[in-house]
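Everything below concerns the one structure shown next.
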Amino acid sequence: MKLKYLGTAAAEGVPAVFCNCEKCVYARKVGGKEIRTRSGAIIDNRLKIDFPADAYMQALNHGLDYSTLDHILITHTHEDHYCVKELNNRKKPYSQKEKTENPLTVYGSVQAEEMIRPMLQEGVLEFKVVKAYEPFTILDYTVTPLPAVHALNEQAFFYLIEKGNEALLYCHDTDEFTDEHIEFLKTKKVTMVSLDCTNGVLEMDYIGHMGISDNLRMKEKLLKIGAADENTIFIANHFSHNGIAPYEEMVKRLPGFLVSFDGMEVEG
Ligand SMILES: [Zn+2]
Ligand SMILES: [Zn+2]
Ligand SMILES: [Zn+2]
């Protein structure tokens with residue numbers, strides 16, 4: 001499958017929306033890979049993961065057409081992942097798609113469902129509540145939600161997405177794998193792993209996210225339990241302006257990893 005990163009920042013973006021720290025000044029000056037928008041990705045141009053407000057501009061910048069999009073997986077309700085009001089634009093008169101076409105189906109937690117419920121319309125905009133460790137099918141993908149270590153007042157998920165002998169573990173936003181995650185992952189073989197790197201170069205223990213050393217450690221753990229092997233592609237993604245360093249420095253500090261940037265495509 002082809003994973004395309006559309007937004008690779010944490011909530012405030014890089015440069016952060018209202019910030020003038022050294023890192024944000026640098027990002028504004030240099031541009032290119034140093035500019036990171038809010039979190040989201042798309043698989044094979046047809047399975048969207050998360051829908052921040054930036055998703056619209058990302059579609060324009062990367063030549064995507066959401067009028068053909070029928071499925072969105074939501075990790076959790078933080079605004080950099082779930083701009084729920086935007087989804088109302090799927091309905092008439094904001095979209096003129098006919099009821100004979102596929103509805104847009106959104107998948108996520110009960111909390112995500114509560115937020116979208118007043119907008120739902122059968123055959124047009126639908127929601128499916130998903131549960132941890134209960135796999136479901138979207139198109140030809142088998143998706144298993146895993147309980148994220150993130151956001152105390154809701155059930156946040158990260159996802160294992162399998163298709164044939166390919167499997168993507170998309171881990172945003174979450175902390176280090178728990179023993180329960182490891183027990184589950186022991187039974188799997190993943191070909192691509194995208195790890196939360198919000199804390200970046202900061203060696204801080206900010207609960208609910210990871211940084212560079214955590215990413216390196218989680219890679220070793222997956223290799224050790226046989227869930228990954230030497231062909232598995234590891235990617236660090238979801239960076240905050242506080243934890244980021246210039247792109248090339250991030251690459252040096254993350255040996256054996258790809259470092260995401262907005263627009264990056266990975267096949268695996
Ligand atoms: Zn986030
Ligand atoms: Zn800043
Ligand atoms: Zn979050």
Side-chain angles (χ1 to χ4, degrees), residues 1-7 37-148 151 153-164 166-170 172-173 265:
M1 60 184 108
K2 187 184 82 182
L3 171 66
K4 187 179 175 85
Y5 286 95
L6 299 171
T37 60
R38 267 54 80 90
S39 191
I42 194 164
I43 295 170
D44 299 329
N45 283 350
R46 59 186 188 153
L47 173 56
K48 181 87 184 73
I49 310 177
D50 285 336
F51 211 89
D54 290 345
Y56 172 61
M57 202 62 204
Q58 289 164 353
L60 297 178
N61 286 343
H62 299 288
L64 297 169
D65 175 6
Y66 292 152
S67 79
T68 64
L69 185 67
D70 297 333
H71 306 278
I72 306 176
L73 274 178
I74 299 295
T75 57
H76 64 302
T77 69
H78 289 167
E79 83 281 0
D80 55 323
H81 298 258
Y82 191 43
C83 180
V84 64
K85 287 184 178 155
E86 179 81 294
L87 299 172
N88 197 51
N89 289 320
R90 175 60 182 76
K91 289 154 49 184
K92 280 184 192 285
Y94 314 107
S95 161
Q96 294 297 351
K97 285 186 78 172
E98 293 303 326
K99 270 201 158 181
T100 48
E101 299 185 64
N102 291 331
L104 174 59
T105 306
V106 184
Y107 307 77
S109 66
V110 285
Q111 291 84 9
E113 195 273 339
E114 263 166 39
M115 290 166 72
I116 202 173
R117 197 182 299 151
M119 294 181 235
L120 294 177
Q121 192 184 342
E122 209 188 323
V124 178
L125 179 61
E126 301 187 351
F127 193 95
K128 289 207 170 103
V129 173
V130 301
K131 296 210 172 75
Y133 300 111
E134 291 185 13
F136 56 96
T137 303
I138 303 176
L139 304 165
D140 45 4
Y141 307 93
T142 302
V143 181
T144 308
L146 297 166
N153 52 356
E154 67 172 292
Q155 177 59 73
F157 294 120
F158 65 99
Y159 290 103
L160 175 70
I161 301 164
E162 298 169 281
K163 184 187 156 201
E166 296 176 328
L168 163 67
L169 191 59
Y170 186 85
H172 310 287
D173 304 359
E265 289 182 358

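Computation of the quantities below employed the complete heavy-atom set of this structure, encompassing side-chain atoms and omitting hydrogens, waters and symmetry-equivalent molecules.
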query: Is the backbone N or O of S109 less than 3.5 Å from a side-chain atom of Q155, with the two atoms forming a donor-acceptor pair by type?
result: no
- request: Assess the side chains of H172 and D50: does a donor N or O sit below 3.5 Å from an acceptor N or O?
  value: no
query: Looking just at side-chain N and O atoms, do N89 and Y56 make a donor-acceptor pair shorter than 3.5 Å?
result: no
- prompt: Hey, does Y141 have a side-chain heavy atom less than 4.5 Å from the side chain of D44?
  reply: yes
Within 6.0 Å of CD in Q96, more than 12 heavy atoms from elsewhere: yes
- request: Decide yes or no for Q58 and L64: does some side-chain heavy atom of the first lie under 4.5 Å from some side-chain heavy atom of the second?
  value: no
task: Check whether any side-chain heavy atom of M115 lies under 4.5 Å from a side-chain heavy atom of T77, and answer yes or no.
output: yes
message: Less than 4.5 Å apart, side chain to side chain, heavy atoms only: is that true for M57 and L60?
response: yes
query: Parallel, tilted or perpendicular for F157 and Y159, by the 30°/60° rule?
result: tilted
task: Would you please name every residue forming a side chain to side chain contact (heavy atoms under 4.5 Å, CB included) with K128, sequence neighbours left out?
output: T105, Y107
- prompt: Side chains of L73 and T75: does their closest heavy-atom pair fall under 4.5 Å?
  reply: no
message: Using 0.5 Å steps for rounding, measure from the NE2 atom of H62 to the CG atom of N45.
response: 11.5 Å
- prompt: At what distance, to the nearest 0.5 angstrom, does NE2 of H71 lie from CD of E126?
  reply: 10.5 Å
message: Could you measure the distance from the CD atom of E101 to the OG1 atom of T68? Nearest 0.5 Å is fine.
response: 10.5 Å
query: Hey, is NZ on K92 packed in by over 12 heavy atoms from elsewhere, all under 6.0 Å?
result: yes
